[in-house]
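These notes are about the structure you will find just below.
It should be emphasised that the depicted structure is a prediction, and the values quoted were computed from it without experimental measurement. Lettering follows sequence order; numbering is per chain, from 1.
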Protein chains: 2
Amino acid sequence: MQNLSIKINVGSELCLKNPDSSELGQKIISNSILLIDELGFESFTFKKLSLKINSPESSIYRYFENKHTLLVYLTSWFWSWTEYKIVIATTNIEVSIEKLEKAIHVLTKPILVDQSISYVNEVILNKIIIAESVKAFHTKDVDEENKKGCFETYKYMVNRVAAMVLEVNPLYEYPRMLISTVVEGAHQQRFFSEHLPALTDSKKGEDSITEFYTQLVFNMVLK
Amino acid sequence: MQNLSIKINVGSELCLKNPDSSELGQKIISNSILLIDELGFESFTFKKLSLKINSPESSIYRYFENKHTLLVYLTSWFWSWTEYKIVIATTNIEVSIEKLEKAIHVLTKPILVDQSISYVNEVILNKIIIAESVKAFHTKDVDEENKKGCFETYKYMVNRVAAMVLEVNPLYEYPRMLISTVVEGAHQQRFFSEHLPALTDSKKGEDSITEFYTQLVFNMVLK
DNA sequence: GCAAATATAATAGTATTACTATCATATATG
DNA sequence: CATATATGATAGTAATACTATTATATTTGC
């Protein structure tokens, strides 16, 4: 994938003003990715971001209500981008099993090289997704945010892959449970592999995570 | 399980003073469970807890450094209790497959009735685990806390069940990855089922989550 | 039963966070 | 060129996340 100038569709309910539309907006996105990665989400503040980009804090608030909605925006961007990659990886592939396998690869392989779509560093964004994305929906107002459509890109992506599962086996009962288990599980295992190795069997270097989840999907679907 | 007066071993690195040892300590634990459930972890503060228990904020700080370590303490308690339940459920069971199945049940079934071990409401604590426990280790200082032993009870529990997997199939390659996928996945799916149903196939009422993860484990291990 | 140690209460204080508000200035658009 | 819109500069506020100090209970050891 080269520098394609595609636009990742994220949803207008996630920001007050589209960051894509201005230089400041893009600076907010690209630098927030760097800063969240550097400090962790809890220590990240709009104040610190404002110092990094040399713009007043109040200007950032014109784009995002608060740092939580910014995180939701970033995760939504990531899932939208992931779905795009799945589409690219599976078009023109006729055999359903092969198609599903390609999708699982996109979902479980680590992102090692920045594919530089516009101003987003996908390698670092992926690190944030692994470390922080669960915080986007583990809040007291999930239901409210869900109603507003904050998690649509995630749902679309999961449902697209779940549909591939049904293509392989139309009788399989739990396609979405299977895929969301894989998506979240793969991130979780990457996190464990780096920080809590006693909870996994994945060693750095080799890619047992993709192998494990590929086995898992086909053991379940081709039963 | 009746009111057994067992003690759940949690680890001294998790608190400044053992809350088990005093009335105030126990009040802190039991009321923090209620308040975190009520407000969500982000809105929960020691100030609010101090008002609820009618003790000054500074007294709470004598037990826990901050609300994060309190959450780590609660999750550690939960895993220790879970392991205890697994031990109870599997003693005197000879057949390895049956043993593993019982353990998976303990890990995936919802906790519906308060088993009232001491001052901890396990039903509400389980709700907290489902909603908030990922925040216990998704922080910038996981590594440091891990070194201190903050996640030992979780590791012990996972490794105990992983050992049961190996009992069923000594050649299985990824026992810990499998079990941590199940544990985290089961909680995740309960959360999705309630808040983001588009990401799961589990409907309220029936227990497809336990069924799904039991299938999953045996499809992987008995391959 | 009393002294000493320990735990808790009462109160105050501080830096940082998470915003909101106002007004001036720059830039784009029609 | 007028108007709208975006950004900058600056200020302010309530709440958060602590720390510190002193007084008062309560427990424990002799």
Side-chain angles (χ1 to χ4, degrees), chain A residues 12 14-32 35-36 38-74 119 132 135-136 138-141 144-145 150, chain B residues 12 14-32 35-36 38-74 119 132 135-136 138-141 144-145 150:
Chain A
S12 58
L14 297 169
C15 50
L16 301 168
K17 191 189 294 186
N18 186 6
D20 213 45
S21 68
S22 73
E23 213 192 302
L24 180 61
Q26 299 186 9
K27 261 171 88 180
I28 288 172
I29 297 301
S30 57
N31 286 280
S32 68
L35 203 55
I36 291 173
E38 187 186 329
L39 305 174
F41 187 65
E42 278 70 35
S43 298
F44 168 83
T45 66
F46 278 2
K47 180 82 211 163
K48 290 171 187 168
L49 178 59
S50 78
L51 292 171
K52 194 179 173 81
I53 64 175
N54 265 303
S55 276
E57 212 185 338
S58 51
S59 295
I60 302 171
Y61 278 103
R62 289 199 198 96
Y63 285 86
F64 293 99
E65 264 180 60
N66 49 51
K67 71 172 179 173
H68 173 254
T69 59
L70 171 58
L71 180 66
V72 174
Y73 180 93
L74 293 177
Y119 47 90
E132 319 284 3
K135 296 168 193 168
H138 274 111
T139 65
K140 263 289 159 180
D141 26 53
E144 206 182 307
E145 293 189 335
C150 292
Chain B
S12 58
L14 297 170
C15 51
L16 302 168
K17 189 189 296 185
N18 186 5
D20 213 45
S21 68
S22 73
E23 211 192 304
L24 179 63
Q26 299 186 8
K27 261 172 89 181
I28 288 172
I29 297 302
S30 56
N31 285 281
S32 68
L35 204 55
I36 290 172
E38 187 186 330
L39 305 174
F41 186 66
E42 279 70 34
S43 299
F44 167 84
T45 66
F46 277 3
K47 179 81 211 165
K48 290 171 187 169
L49 178 59
S50 77
L51 292 171
K52 195 179 171 81
I53 64 176
N54 266 304
S55 275
E57 212 185 338
S58 51
S59 294
I60 302 171
Y61 278 103
R62 286 197 208 96
Y63 284 87
F64 293 98
E65 265 181 60
N66 50 50
K67 69 173 180 173
H68 174 253
T69 59
L70 171 58
L71 181 66
V72 174
Y73 180 93
L74 293 177
Y119 47 89
E132 318 285 3
K135 297 169 193 169
H138 274 112
T139 64
K140 264 288 160 181
D141 27 54
E144 207 181 306
E145 293 189 335
C150 293

Is there a donor-acceptor pair under 3.5 Å between the side chain of K48(A) and the backbone N or O of S43(A)? yes
Mapping S43(A) and R62(A) to their closest nucleotides on DNA chain C, which lands nearer the 5' end? S43(A)
Between C1' on dT7(D) and CG on N54(A), what's the gap in Å once rounded to a whole number? 13 Å
Under 4.0 Å between any heavy atoms, over every strand shown, what does Y63(B) touch: base, sugar-phosphate, or nothing? Just pick one. sugar-phosphate
Closest to the side chain of Y61(A), out of dT20(C), dT11(C), dG8(D), is dT20(C)
Cation-pi geometry met for K67(B) and F41(B) (6.0 Å, 45°): yes
Rounded to whole angstroms, how far apart are CZ on F44(B) and P on dA15(D)? 18 Å
If I take atom CG in residue L16(A) and atom C1' in nucleotide dT7(D), what distance separates them, rounded to the nearest angstrom? 15 Å
Quick one: is dT16(D) close enough that its OP1 or OP2 comes under 4.0 Å of any side-chain N or O from K48(B)? yes
Touch class at under 4.0 angstrom, heavy-atom based, for S55(B) against every strand present: sugar-phosphate
Looking for any heavy atom pair under 4.0 Å, which part of the strands does K47(A) touch: base, sugar-phosphate only, or nothing? nothing
Can you tell me the distance, in whole Å, between the CG atom of L49(B) and the P atom of dA15(D)? 18 Å
Spacing between F41(A) atom CZ and dT17(C) atom P, to the nearest angstrom: 14 Å
Give K27(B) one of three labels, base, sugar-phosphate or nothing, depending on what nucleic acid heavy atoms sit under 4.0 Å from its own. nothing
Nearest listed nucleotide, side chain of N66(A), among dG8(D), dC19(C), dA17(D): dC19(C)
Atom pair distance, as rounded to whole Å: NZ in K67(B) and P in dT16(D): 9 Å
Has K17(B) got a side-chain N or O lying under 4.0 Å from the OP1 or OP2 atom of dT8(C)? yes
Measuring from atom OG1 of T139(A) to atom NE2 of H68(A), what distance do you get when rounded to the nearest 0.5 angstrom? 4.5 Å
Taking dT11(C), dT16(D), dG8(D) as options, the one with an atom nearest any side-chain atom of S59(A) is dG8(D)
Sugar-phosphate, base or nothing in reach of F46(A), heavy atoms under 4.0 Å: nothing
From C-beta outward on S22(A), which listed nucleotide comes closest to its side chain: dT7(D), dA10(C), dC19(C)? dT7(D)
Closest to the side chain of S58(B), out of dA7(C), dT20(C), dT11(C), is dT11(C)
Within the supplied structure, the quantity of interest is the number of heavy atoms (other residues, nucleotides, ligands) at a distance under 6.0 Å from K140(B) NZ; does it exceed 12? yes
Selected nucleotide, minimal atom distance to T45(B) side chain, candidates dA9(D), dC19(C), dA17(D): dA17(D)
Does the E57(A) side chain pair with the main chain of F46(A), one donor and one acceptor, at a distance under 3.5 Å? no
Let me know the distance between CG of L51(A) and P of dG8(D), rounded to the nearest Å. 13 Å
Euclidean distance, atom CD of residue E57(A) to atom P of dT22(C) [Å, nearest integer]: 17 Å
Quick one: does S32(A)'s side chain have a donor or acceptor within less than 3.5 Å of a partner on I28(A)'s backbone? yes
